[in-house]
Asker: 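Okay, here's the structure, questions in a sec.
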Amino acid sequence: MPVQTLLAPSATSGSPGAVRTAFLTVKDAAEYLGLSPHTLYVWRHRRQGPPSFRMGPRGRVMYRLEALDAWVREQEQVDSRSNPVLNPLNTRPQERPARFPGA
């Protein structure tokens, strides 16, 4: 199944000069993921969530678009509802050993 990269929010806006960018600000990354910017700040502080870095002399927090897509794919793989291998309903139930062997 081919992987489709979604366009960044700034690229989907109606402005005529909108250009698809490889880097997103916290606000744009949050919009892209359907989260609040506060959630991304909290995750960054806790060293969770998608990878981010600081860019430029002011040290603005930025996200790579391809890193966001890869992070979402990783989340899908570790979720037992999306990954049949991890779904406990797909495994054979364990059998208990006899409580009193030989009885």
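Throughout, numbering of the chain's residues begins at 1 and tracks the sequence.
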Asker: Do Met62 and Leu24 make a side-chain contact, defined as non-hydrogen atoms from C-beta onward lying under 4.5 Å apart?
Answerer: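 No, too far: nothing below the 4.5 Å cut-off.
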Asker: Side chains of Trp71 and Tyr63, heavy atoms from C-beta outward: is any pair under 4.5 Å?
Answerer: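 No - every pair of side-chain heavy atoms lies 4.5 Å or more apart.
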Asker: Kindly compute the distance separating OG1 (Thr39) from CZ (Arg44), expressed to the nearest 0.5 Å.
Answerer: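 Thr39 OG1 to Arg44 CZ: 15.0 Å, rounded to 0.5 Å.
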Asker: Drop me the distance from Tyr32's OH to Leu65's CG, to the nearest 0.5 angstrom.
Answerer: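 Output value for this atom pair is 4.5 Å.
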Asker: Do Pro50 and Leu40 come within less than 4.5 Å of each other through their side chains, counting heavy atoms only?
Answerer: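 Side-chain contact under 4.5 Å: yes.
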Asker: Could you grab the distance from atom OH of Tyr41 to atom OG of Ser52, nearest 0.5 Å is fine?
Answerer: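 Answer rounded to 0.5 Å: 10.0 Å.
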Asker: Nearest 0.5 Å, please: how far is CZ in Arg60 from CZ in Phe23?
Answerer: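 Answer rounded to 0.5 Å: 12.5 Å.
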Asker: Is it possible for you to say whether Leu35 and Leu68 belong to one hydrophobic cluster, with membership spreading through side-chain heavy-atom contacts below 4.5 Å?
Answerer: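 Cluster IDs for Leu35 and Leu68 match.
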Asker: Might you point out which heavy atoms bring Pro37 and Ala30 nearest each other, and give the distance in Å?
Answerer: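 Result for this residue pair: N-CB, 3.6 Å.
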Asker: Within the structure provided, determine whether Val72 and Leu33 are in side-chain contact (heavy-atom separation under 4.5 Å).
Answerer: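 With C-beta onward as the side chain, the pair touches.
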